[in-house]
Number of protein chains: 2
Amino acid sequence: MSHTVGIRQAQKQKTRQAFLDAALGLLEEQSLSSLGLREVTRAVGVAPTAFYRHFRSTADLGVALVDEALGSLHPMVRTTVATPGAERITRAVRLIADHVAAHPAHVRFIARERHGGVQPVRQAIREQLARFAEEVKTELAKDPEAEGWSDEDLLMLAHLYVDQMLITASLFLETLESPEPSEAARQRVAHIATRQMRLISLGRQHWLD
Amino acid sequence: MSHTVGIRQAQKQKTRQAFLDAALGLLEEQSLSSLGLREVTRAVGVAPTAFYRHFRSTADLGVALVDEALGSLHPMVRTTVATPGAERITRAVRLIADHVAAHPAHVRFIARERHGGVQPVRQAIREQLARFAEEVKTELAKDPEAEGWSDEDLLMLAHLYVDQMLITASLFLETLESPEPSEAARQRVAHIATRQMRLISLGRQHWLD
DNA sequence: TCATCCAGTTAACAACTGTTCTCCGGAATT
DNA sequence: AATTCCGGAGAACAGTTGTTAACTGGATGA
């Protein structure tokens, strides 16, 4: 038994996670650029100076949040886009709906800070989204409709899909934020999003005409 | 000559505009939710209390900025979308590029606060974008390709176009923000955006198959 | 067992925040 | 000419902010 976790490191990661959770909660009603260091430590129940043991700044914390929010999502997107035929779009919309329902704060954070006031965070999000686009591209390249397509055009299409997914996620989020979150509103968003992606797919099929 | 402007009202609107300009400048590097009232008055060169003569809060100022940024844009979008044939997309992309180049701070503000932390501002932007979508819809309805389309599907398509325009504007903005703003990068964005809109138009043409 | 490490604490710093109340002086109204 | 109006100034309020320095006490490794 050479390498037990270490009580010390375990505790450290535990409070680090507490920082991330508390910050995510506070960020539901404000942007990262207005998030105070003391505000977070107060929410965690810890002294202000403890913050520096984990993060250099709130921007640093924000970058960590980006990884937490998007890092584990790549395989799910990949397998979803890999679904063949007409079911791909249905599954994609369901994946988005489920993910927003399960992690609304994460989605809100990404939508908010993508164009937000903190440069390093914006860059981290941009890099993650570029990764998504690359992955979607290589999946799209696999199916027969991609024959004759240049790499450039495939990437353009992939970006279109990724952006569309983010917009859809943001609309699902608004659905949850409304004073009376109704299943009907959610279904309406799903309906529109599905048709928009279908239209894009149609454009794809006739691109080489 | 019964109704001259009034020295008083003229001065008031002048300093009000100074508030809007100063705020827009400060918001290039932060979000509205972190913009301080005193920060703005300092930039204008006026006492903190003078702020209250013009705005109830910084959120109020934000809403005013939304109107300034998007209010006058409706006729331009309308006539651009009204352009017939293949030239419509070219003109739309050029309109976006020119507008971003002429008013980068306005565009940044809208992109940032669309999902930002200040609810009234988010709502104001949402309303303006809904207006754009409605206008694009009625223009789209005019051309022959719209025959057989339901109102619902036309609105869905209009939203797709509007969102696409915003994404493109944001990409043009990143082009300007980069350390070495190159004409080549701008052309690349224009190229991709044009193709994406073409693909959507293709999807539109085959929607009723 | 003993020395080392290190996550978290306490205290203090100058600087900043939004908001209230009172006042001023020039424009507007009568 | 006299009075009212009102955009802006000034001072003061209690609270907040990020960052520093020196500390404590339990886990860690020799």
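Not measured: the values here are computed from a predicted model. In what follows, every chain begins at residue 1, and chains take the letters A, B, ... in the order their sequences are listed.
- Whole-Å rounding puts the A/Gln11 CD to C/dC6 C1' distance at 13 Å.
- A donor-acceptor pair shorter than 3.5 Å cannot be found between the side chains of A/Gln119 and B/Glu177.
- One interatomic measurement links the two molecules: CG of A/Leu35 to C1' of D/dT17, which rounds to 12 Å at whole-angstrom precision.
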Exercise. Could you go through the side-chain hydrogen bond (donor to acceptor under 3.5 Å, both in side chains) check for B/His74 and B/Gln128 one step at a time?
Key: CA-CA 9 Å; B/His74 292 275; B/Gln128 288 278 354; 2.7 Å; yes
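- In this entry the distance linking CZ of A/Arg56 with P of D/dT20 reads 13 Å, nearest Å.
- Between the C1' atom of C/dC6 and the CD atom of A/Gln13 lies a distance of 15 Å, rounded to the nearest Å.
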Distances for protein N or O near nucleotides 10-13 of chain C N or O, under 3.5 Å:
| from | atom 1 | to | atom 2 | distance (Å) |
| --- | --- | --- | --- | --- |
| C/dT10 | O4 | A/Thr49 | OG1 | 3.1 |

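- Salt bridge present: B/Glu139 and B/Lys142 bring a charged side-chain N and a carboxylate O closer than 4.0 Å.
- In this structure, A/Ser57 reaches neither bases nor backbone, as no heavy-atom distance under 4.0 Å exists between it and the strands shown.
- Straight-line distance from the CZ atom of B/Arg53 to the P atom of C/dC21: 13 Å, rounded to whole Å.
- Residue-level contact check: B/Arg16 touches neither bases nor backbone, having no heavy atom under 4.0 Å from any strand.
- No more than 12 heavy atoms of other residues, nucleotides or ligands shown are found within 6.0 angstrom of CD on A/Gln9.
- Checking D/dT28, C/dA28, C/dT19 against every side-chain atom of A/Ile7, the shortest atom distance belongs to D/dT28.
- Counted within 6.0 Å of CD on A/Glu28, heavy atoms from surrounding residues, nucleotides or ligands total more than 12; the atom is thus considered enclosed.
- Rounded to whole angstrom, the span from the OH atom of B/Tyr52 across to the C1' atom of C/dT22 amounts to 16 Å.
- Applying the 4.0 Å criterion to OP1 and OP2 of C/dT17, one finds that B/Arg42 has a side-chain N or O inside that range.
- Classification of B/Glu152 and A/Arg195 as a salt-bridged pair fails, no side-chain N sitting under 4.0 Å from a carboxylate O.
- Side-chain atoms of A/Glu39 lie closest to D/dT17 of the nucleotides C/dT19, D/dT20, D/dT17.
- Listed candidates were C/dG26, C/dT19, D/dT28. Nearest to the side chain of B/Arg8 is C/dG26.
- Note: NZ (B/Lys12) to C1' (D/dG8) measures 11 Å, nearest angstrom.
- For the atom pair A/Arg204 CZ and A/Leu140 CG, the distance stands at 5.0 Å (nearest 0.5 Å).
- Here the P atom of nucleotide D/dT20 and the CZ atom of A/Phe51 are 13 Å apart, to the nearest Å.
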